Structures are given as C-alpha cells and as structure tokens.
Amino acid sequence: MSVRSVVVVGGSIAALTAVETLRMADFDGRITVLSDEDLPPYTRVPLSKGVLAGRETADDVVLAPLSDEVDLHLRTPATGLDTDNRVVLTPAGPVRYDGLVIATGARARRIGTANQAERVLRSYDEGLRLRDSLAQASSVLVVGGGFLGMEIASTARALGKDVTVVDLAPPLDRLLGTAVGGHVRTVAARAGVRFVLTHGGVRLLGAPFPTGVETADGQRFEADLVVSAVGDVPNVEWLAGSGLPVAGGVLVDERCRVSPHVVAAGDVAVFTTGDGALTRIPSWTNAVEQARAAAKALLHGDDAPAYRPSRYSWTEQFGLDVKMVGAGDPQGEPVVLDGSLDAGRALLAWPDATAPQTVVAVNHPTPPAKLKRLLARPAMEAAAC
C-alpha cells in the first residue's frame, strides 16, 4: 500500500508513539495530528499523583514535542469519518489521508445523573479541577478501588484528607490478586484510609456536585468531595456510520489493523484473545506497544510484525511501587522469588516458579524489562541473574 499522508486522530501517548514510529521507519510523507485537547500529547501518569497534589504543571506532563515536520492541530476533534473517500471530518473542515491511525483513547466512565457535575480524572483539565476541589476539601470519598481510585486516595491521604474508598469488591484484588491486593490495602488502612464494600453499587447523592453516595442496601456515606474512578469508555462515537467494526472499542486484527488504510492503538482498541473473547488493555505500556505495531502495519501490511502485548503495568501508592507483568487477578498464594511482603520488598510469581504466568514486584528493584523476561524463561533462573 502506498502511503504518502497519514492522519493521526488523538493526542495520547499512542498518537505520539505512532508518529515517532513512522518517522523512525523512514516515512517521509505528511503527518497530521488532530487532538481535541488544549495541550500537545502528554502523559496521564502524573495526573493522580503530582498534578493532583499540585506539584506538577503542564510543563511537567507534556511529552517530547512533535517535530516541525508534523502538522499538529489542537482543539480539533474528529467528528466523523468517510472511509470511501479517506477523509476525517472536523469542525475546521475535512482532512484527507492515505493512512489513518485511530488513537482517540477513552474518557472517564460516569455513574451520576445529567444534573450532577461528577468529578472524574482522565484529562489534564479534569486533573486541575480536581486539584482545586481537593484543596478545599477536608474529606474525600473515592468510588472505585482500581489503580486510579487508589492512587487518588493515596494522594488525598498524603495531603491530610480524610479518605474513604467504596468499591464492589476488595480494591485491587481483581488486578493484583488477593495476596498483593490485601497487602496494599493493609498499608493504606495503616495510613488512615477506610474501605467500604457494596455488592450492589452506589448512587451519587447531591447536585450539582455530589456530596455522598447511597449503597444498594441503603447505607449513606458523605464527604466534601466525591470522586468517581469507575473505569473508562472508548471514544468511538465519531466513527458512527463509518462502517468500521466497533464493539466496546475499535476492533483490530493481530497487527492492529481495522480495515485497509486504517489502524488503531491504545485505550480505544479492542482485539480478540486466543479463546475468542474481546479484550482491551487500557495501560500506558500497551498504548506504546500497540502504536508501534499499528504504525508498522500501516506502512508494511502483512510484512509487519504481529502485535504481542507484554501485559506490563504499574502503580505507585501509599509508598509502594508495584510492577506487574502477565495475567491479572492471579489466583492463590504466590511463590516468593525474593524478599517478602511482610518485609516490604518482594518478588512474587504465579502459579509457580518454573512457568510463571504472572510476576509482581513490590518495592523490588527488578526493572520492567527483566520482569517481562521472567515469563519467557524459568523464573528462578531469571531471578538469580
């Protein structure tokens, strides 16, 4: 396929990585980036930490600037796609492409009603608003105990706020398993965080700004600030009528291709697993890995390497640096490769040391690249290197 002009829709790390990969592959055609945000491509990792705490600003989160050879359009959302004529529709007019990279990411999922100004954290602007609200609050209630919710709780507690986390299940167990999830909760509880489990979900109370939640069994919990951290929703509405396959995201093949001339990467992309199920991996590492594969597929088609997710993720909260590679929600007790959770520094593997499917490092110096290698060879051998 001859590609002379590429349009990248989105301002995420996936968008930036796609641009960099195209240039590293000696693509010298025109690249246009369309982003609906005010900032150039930036990292979202500090939003729940340094930005929320007031320690980091836009200058700290913006990634390496795009070269002068890239045409960047900020505050320019894609509103439609004409695949027959290869045109992206925007409020400023149509933008033609030979190859298209869809990297529109996802937005925060909301559970409130239309008249509620629900606090969420997904973008830099949302981070600034939440930072200002947090500065005025004495008590914080976080709905959702995943990585993001617990990072928000950690930052709020470090600022001296009274913090409660409400979730359907024990926070972090579904991501890190009960052993590590329980350890993080113990550390968080020692720091003063309260946990509330409600199996039927919650309803936000108060308008315009929520001031509490009501559980399915009628319990009510109030706080100065209520934050929803209950997942995300892929940004695919602009693709309505395009004919592209959309199923909880944009469906991609093993090379991140959506259709001829179109690829997708990052939080917006959905792919089929070995058992035929559809899955999405909303993480920084996956966005980078998918974007590299997508850009190469756009240029080289079937000759491009297939996408192979490393499934690496990490979180920093309550003084803990937790890195994980492999399948989430590991079951049973882990094999201890080094250290111990009680000692505050551990390298753990599931289900065994000879053929681990999941490896987690808690305050352990093992670098990400070595963690990934642990899944490719016997863990005890790799741990000894």
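Quick caveat, the model's predicted, so the values are computed rather than measured.
Glu333 pairs by the salt bridge (Lys or Arg N to Asp or Glu O under 4.0 Å) definition with nothing, not counting sequence neighbours. Here Asp232 pairs with Arg122, Arg280 under the salt bridge (Lys or Arg N to Asp or Glu O under 4.0 Å) rule; sequence neighbours left out. With sequence neighbours excluded, the residues that form a salt bridge (Lys or Arg N to Asp or Glu O under 4.0 Å) with Arg194 are Asp162.
Of the possible donor and acceptor atoms, none in the side chain of Lys49 sits under 3.5 Å from a partner among the backbone N and O of Arg55. Looking only at distances, a side-chain donor or acceptor of Gln331 sits under 3.5 Å from a matching main-chain atom of Asp329. Of the possible donor and acceptor atoms, one in the side chain of Thr186 sits under 3.5 Å from a partner among the backbone N and O of Gly182. Side-chain N or O atoms of Tyr124 include none that pairs as donor or acceptor with a backbone N or O of Leu39 at under 3.5 Å. Checking side-chain atoms of Thr358 against main-chain N and O of Gly326 turns up no donor-acceptor pair under 3.5 Å.
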Would you tabulate the side-chain donor-acceptor contacts of residues 305-314 under 3.5 Å, counting partners in other chains and residues two or more places apart, or write 'none'?
residue	atom	partner	partner atom	Å
Tyr307	OH	Asn286	OD1	2.1
Ser310	OG	Glu289	OE1	3.4
Ser310	OG	Glu289	OE2	2.5

Atom pairs and distances, donor-acceptor, side-chain atoms in residues 238-252, under 3.5 Å, two or more places apart:
residue	atom	partner	partner atom	Å
Trp238	NE1	Asn235	O	3.3
Ser242	OG	Leu239	O	2.6
Ser242	OG	Leu244	N	3.2

Which pairs would a plain distance check flag for residues 127-136, meaning a side-chain donor or acceptor within less than 3.5 Å of a matching protein atom at least two apart in sequence or in another chain?
residue	atom	partner	partner atom	Å
Ser133	OG	Arg129	O	3.1

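At a cut-off of 3.5 Å, with distance as the only test, a side-chain donor of Thr354 or Asp352 sits close to an acceptor on the other residue. For the residue pair Ser340/Asp342, the side-chain donor-acceptor check at 3.5 Å is not satisfied.
Arg30 CZ: 12 or fewer foreign heavy atoms inside a 6.0 Å radius. Within 6.0 Å of the CD atom in Glu254, the count of heavy atoms belonging to other residues, nucleotides or ligands exceeds 12. Heavy atoms of other residues, nucleotides or ligands lying less than 6.0 angstrom from CD of Glu222 number 12 at most.
Under the 4.0 Å criterion applied to side-chain N and carboxylate O atoms, Asp224 and Lys161 are not assigned as salt-bridge partners. Residues Asp98 and Arg96 are paired through a salt bridge, judged by an N-O separation under 4.0 Å between the basic side chain and the carboxylate. A salt bridge links Arg257 with Asp302: at least one charged nitrogen is closer than 4.0 Å to a carboxylate oxygen. Here Asp267 does not pair with Arg44 in a salt bridge; the nearest charged N to carboxylate O distance is not below 4.0 Å.
The side chain to side chain donor-acceptor pair (under 3.5 Å) test with Ser228 is passed by exactly one of Gln116, Arg110, Glu118, Arg109: Glu118.
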Apply side-chain contact (heavy atoms from CB on, under 4.5 Å) to Ser48 and Leu121, showing your working.
CA-CA 8 Å; Ser48 59; Leu121 180 58; 3.9 Å; yes
Hey, mind stepping through Tyr97 and Val262 against side-chain contact (heavy atoms from CB on, under 4.5 Å) and telling me if it holds?
CA-CA 10 Å; Tyr97 64 86; Val262 181; 4.2 Å; yes
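In terms of heavy atoms, Val143 sits closest to Val230 at O-CG1, 3.5 Å. The two atoms that bring Gln317 and Glu151 nearest to each other are NE2-CG, 4.1 Å, heavy atoms only. Across every non-hydrogen atom of Leu172 and Gly181, the tightest pair is CB-CA, 4.1 Å.
Tracing side-chain contacts under 4.5 Å through hydrophobic residues (I, L, V, M, F, W, Y), one reaches Leu299 starting from Leu16; they form part of the same cluster. Hydrophobic clustering (side-chain heavy atoms under 4.5 Å, transitive across Ile, Leu, Val, Met, Phe, Trp, Tyr) groups Trp284 together with Val325. Note on Leu141: it does not cluster hydrophobically with Phe318, by side-chain heavy-atom contacts below 4.5 Å among ILVMFWY residues. With hydrophobic clusters built from ILVMFWY side chains whose heavy atoms lie under 4.5 angstrom apart, Val142 shares a cluster with Leu159. Both Leu298 and Val288 sit in one connected hydrophobic cluster of ILVMFWY residues. Membership requires side-chain heavy atoms under 4.5 Å apart, directly or through other members.
Using a 4.5 Å heavy-atom threshold, the side chains of Asn363 and Leu320 count as touching. Using a 4.5 Å heavy-atom cutoff, the side chains of Leu72 and Pro40 are in contact. Between Thr113 and Leu204 there is no side-chain heavy-atom pair separated by less than 4.5 Å. At least one side-chain heavy atom of Leu348 sits less than 4.5 Å from a side-chain heavy atom of Val336. Between Leu100 and Arg86 there is no side-chain heavy-atom pair separated by less than 4.5 Å. Counting heavy atoms from C-beta outward, Ile13 and Thr43 have side chains that stay 4.5 Å or more apart. Looking at Thr272 and Leu278, their side chains come closer than 4.5 Å, going by heavy atoms from C-beta outward. Under the 4.5 Å side-chain criterion, counting only non-hydrogen atoms from C-beta, Pro210 is in contact with Arg119.
Put simply, CG on Asp38 and CG on Leu74 are 7.5 Å apart, with the number rounded to the nearest 0.5 Å.
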